[in-house]
Amino acid sequence: MNDFYEKLLQELMSMGYVPLKEQKVVFLCKEQEDRILLLRLISERLPGQNPIHYDKEHDFMENVSRKLMISRGKMVESLLVAIHSGNLSDEEMNQLRQYSNAWSLDRRTGRIYIYENQIADFYGLERCLEDYMITWKESQKKERIKEFRSYMTPMNTSILLANLVVFILLSICGDTTNATFIADHGGLMYDLIRESHQYYLFLSSMFIHFGLRHLIENMIMLIVVGSILENHVGRYRYLIIYLFSGFTSGIASYFFNLAYEPNTVTAGASGAIFGVTGSLLVLILSDLFRKEKHYGDTVTIKGMLFVILVAVGSGFMIPNVDNVGHIGGLIGGMLITAFLELIGERIGKL
């Protein structure tokens, strides 16, 4: 909303309107040879804020108009424009309809509501607002497309598709919620490593999930944090961080979880995803130490710590969650990122 309001102010100022501050309230004023045009834009309230009393706002605008007329010796024409999203309440609508110099602007639909008793135009303002709304809606559409594309980074999307393909194939072959089936098809199990030396399971297990819910939860998290990291470090560094984190997650789980519960089977991308969050945390800390700001624009240290603490904490409250693997992936992601940062200063980005 603030962005919409600020850009609208800029648009009106380009038409010759200048800010006029009266009792901490900003009006827009445009002085002509024989008159002064006075605008009062009222932005919508956020949830939890006090409702707007348009009758009081209108009375205040009229008082400012009289002061201007006396101080500058010119006729003043004023207009109140109420900006809102969606339908106004009946009370708010009735308050606005009683005034001839009041409009309402729905920024969601781009419509300007002008009733029969209200002035049909205000020196070209209606056309200006209509053009602005068209431009605004187009810019918002482009912004949404840009935001969507920022999540669809090439390497992260490839990893996501790999997880989906593996899940679909396994679902066709059997029950992905069955631990024995998962163990037979790439899940990590203590005896398969210790006795059968199937070390590839450290890699395969990070692409296998226990059921659809497990997959969806991990992929949603992967789309968000994975795309942010790849946009910052590049596709090849991201792949190294992701795979190394998944590997250290499996190693930690093998020695500190499965070794004590050898009949347990573990699988999933969550260890690698924890490594991605750990990587972002290291990059933010690196910014702080260097007094730079490359990554803080996208994520903050408080935000990352909150995500990590909530994810780890919830793991201890939910049964059958491999917290050791999560922590192992987190540490792995932090270590490999710190290493890549150090060598990156010498050899550049991969």
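If you're wondering where the values come from, they're calculated on a predicted model, not measured in any experiment.
Residues that satisfy the salt bridge (charged side-chain N to carboxylate O under 4.0 Å, His left out) test with Glu57, not counting sequence neighbours, are Arg40. Scanning for salt bridge (charged side-chain N to carboxylate O under 4.0 Å, His left out) contacts around Glu92 gives an empty result, with sequence neighbours left out. Under the ring pair (Phe, Tyr, Trp, His ring centres under 6.0 Å) criterion, Phe207 pairs with no residue at all, not counting sequence neighbours. With sequence neighbours left out, Arg235 forms a side-chain contact (heavy atoms from CB on, under 4.5 Å) with Pro154, Met155, Glu230. Taking the salt bridge (charged side-chain N to carboxylate O under 4.0 Å, His left out) definition, one finds that Glu11 meets it with nothing, sequence neighbours left out. Lys137 is linked by a salt bridge (charged side-chain N to carboxylate O under 4.0 Å, His left out) to nothing, counting only residues two or more places apart in sequence or in another chain. For Arg127, the side-chain contact (heavy atoms from CB on, under 4.5 Å) partners are Glu130, Asp131, not counting sequence neighbours. A search for side-chain hydrogen bond (donor to acceptor under 3.5 Å, both in side chains) contacts involving Asn218 returns His209, His214, not counting sequence neighbours. Annotation: side-chain contact (heavy atoms from CB on, under 4.5 Å) contacts of Ser139 (sequence neighbours excluded): Trp136. A search for side-chain contact (heavy atoms from CB on, under 4.5 Å) contacts involving Ile251 returns Phe202, Phe247, Phe255, not counting sequence neighbours.
Checking Asn117 against Gln98 by side-chain atom types alone, no donor-acceptor pair falls below 3.5 Å. With hydrogens and angles left out, the side-chain atoms of Ser253 and Asp322 include a donor and acceptor closer than 3.5 Å. In this model, a donor atom of one side chain and an acceptor atom of the other lie less than 3.5 Å apart for Arg107 and Ser85.
Taking 4.5 Å as the limit, some side-chain heavy atom of Ile241 sits within range of a side-chain heavy atom of Ser245. Counting heavy atoms from C-beta outward, Leu164 and Leu215 have side chains that approach closer than 4.5 Å. Side-chain contact between Leu39 and Phe122: present, with at least one pair of heavy atoms (C-beta onward) separated by less than 4.5 Å. Looking only at side-chain heavy atoms (C-beta outward), Leu37 and Glu31 stay at 4.5 Å or farther from each other. Residues Ile223 and Leu160 are in side-chain contact: their nearest non-hydrogen atoms beyond the backbone lie under 4.5 Å apart. Two residues are said to be in side-chain contact when any heavy atoms from C-beta on lie closer than 4.5 Å; Met221 and Thr277 meet this criterion. A heavy-atom distance below 4.5 Å is found between the side chains of Leu188 and Ile193. Contact check for Leu330 versus His326: no side-chain heavy atoms found under the 4.5 Å cut-off.
Considering every non-hydrogen atom in both Tyr242 and Val276, the closest pair reads CD1-CG2, 4.0 Å. Counting all heavy atoms, side chain and backbone alike, Asp55 lies closest to Gln95 at N-OE1, 3.5 Å. Shown here for Ser204 and Gly186, the closest heavy-atom pair between the two residues is OG-O, 2.9 Å. Pairing each heavy atom of Ala179 with each of Val265, the nearest pair is O-CG2, 3.7 Å. Considering all non-hydrogen atoms of both residues, Ser249 and Gly325 come closest at OG-O, 2.8 Å. In terms of heavy atoms, Leu12 sits closest to Cys128 at CD2-SG, 4.1 Å.
Checked options Glu77, Lys74, Lys30, Arg72; the residue passing with Arg35 is Glu77 (criterion: side chain to side chain contact (heavy atoms under 4.5 Å, CB included)).
In this structure, Asn156 contributes its side chain and Leu222 its backbone to a donor-acceptor pair below 3.5 Å. In terms of modelled atom types and a separation under 3.5 Å, the side chain of Thr337 and the main chain of Gly333 share a donor-acceptor contact. Panel note: side chain Tyr132, backbone Leu8; a donor-acceptor pair is recorded below 3.5 Å. Under a 3.5 Å cut-off, the side chain of Thr248 and the backbone N or O of Gly328 do form a donor-acceptor pair. At least one donor-acceptor pair closer than 3.5 Å links the side chain of Ser71 to the backbone N or O of Lys67.
One finds the CG atom of Leu283 at 4.5 Å from the OG atom of Ser279 (value rounded to the nearest 0.5 Å). Between atom CG of residue Asn163 and atom CD1 of residue Ile168 there is a gap of 11.0 Å, rounded to the nearest 0.5 Å. Rounded to the nearest 0.5 Å, atoms CD (Gln140) and CE (Met133) are 9.5 Å apart. To the nearest 0.5 Å, atom CG of residue Leu335 and atom CG of residue Leu340 are 11.0 Å apart. Taken from OG in Ser104 to CD1 in Ile42, the straight-line distance is 11.0 Å, to the nearest 0.5 Å. The distance from the CZ atom of Arg237 to the CD1 atom of Ile336 is 9.5 Å, given to the nearest 0.5 Å.
In the hydrophobic clustering of this structure, Tyr200 groups with Leu258; members are Ile, Leu, Val, Met, Phe, Trp, Tyr whose side-chain heavy atoms approach within less than 4.5 Å, directly or through other members. Taken together through direct or relayed side-chain contacts under 4.5 Å among Ile, Leu, Val, Met, Phe, Trp and Tyr, Tyr199 and Phe256 form part of one hydrophobic cluster.
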Met13/Val18 under side-chain contact (heavy atoms from CB on, under 4.5 Å): CA gap, chis, key distance, verdict:
CA-CA 6 Å; Met13 288 169 67; Val18 295; over 6 Å; no
Passes side-chain contact (heavy atoms from CB on, under 4.5 Å), Leu79 versus Leu125? Steps please.
CA-CA 10 Å; Leu79 179 68; Leu125 182 63; 3.4 Å; yes
Next item on the list: Please lay out, stage by stage, how Phe27 and Tyr17 fare under the test ring pair (Phe, Tyr, Trp, His ring centres under 6.0 Å).
Entry: CA-CA 9 Å; Phe27 289 82; Tyr17 286 91; over 10 Å; no
Item to complete: Determine, step by step, whether Leu20 and Val26 satisfy the side-chain contact (heavy atoms from CB on, under 4.5 Å) criterion, reporting the C-alpha distance in whole Å, the side-chain angles of both residues, the deciding distance to 0.1 Å, and the verdict.
Response: CA-CA 6 Å; Leu20 174 68; Val26 177; over 6 Å; no
- Query: Taking it one step at a time, do Met75 and Ile36 satisfy side-chain contact (heavy atoms from CB on, under 4.5 Å)?
  - Reply: CA-CA 6 Å; Met75 181 178 67; Ile36 296 173; over 6 Å; no
What verdict does the salt bridge (charged side-chain N to carboxylate O under 4.0 Å, His left out) test give for Glu138 and Lys142, after you've listed the backbone C-alpha separation in whole Å, the side-chain angles of each residue and the deciding distance to 0.1 Å? CA-CA 6 Å; Glu138 289 177 352; Lys142 291 178 181 178; 5.6 Å; no
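Residue pairs meeting the ring pair (Phe, Tyr, Trp, His ring centres under 6.0 Å) criterion with at least one member in residues 86-120, sequence neighbours excluded, are His58-Tyr99. Each ring pair (Phe, Tyr, Trp, His ring centres under 6.0 Å) pair with one or both residues in residues 157-183, not counting sequence neighbours, appears once here: Phe181-His185.
With respect to the salt-bridge test (charged N to carboxylate O, under 4.0 angstrom), the residues Glu116 and Arg97 do not qualify.
For Asp34, the CG atom counts as densely surrounded, since its 6.0 Å shell holds more than 12 non-hydrogen atoms of other residues, nucleotides or ligands.
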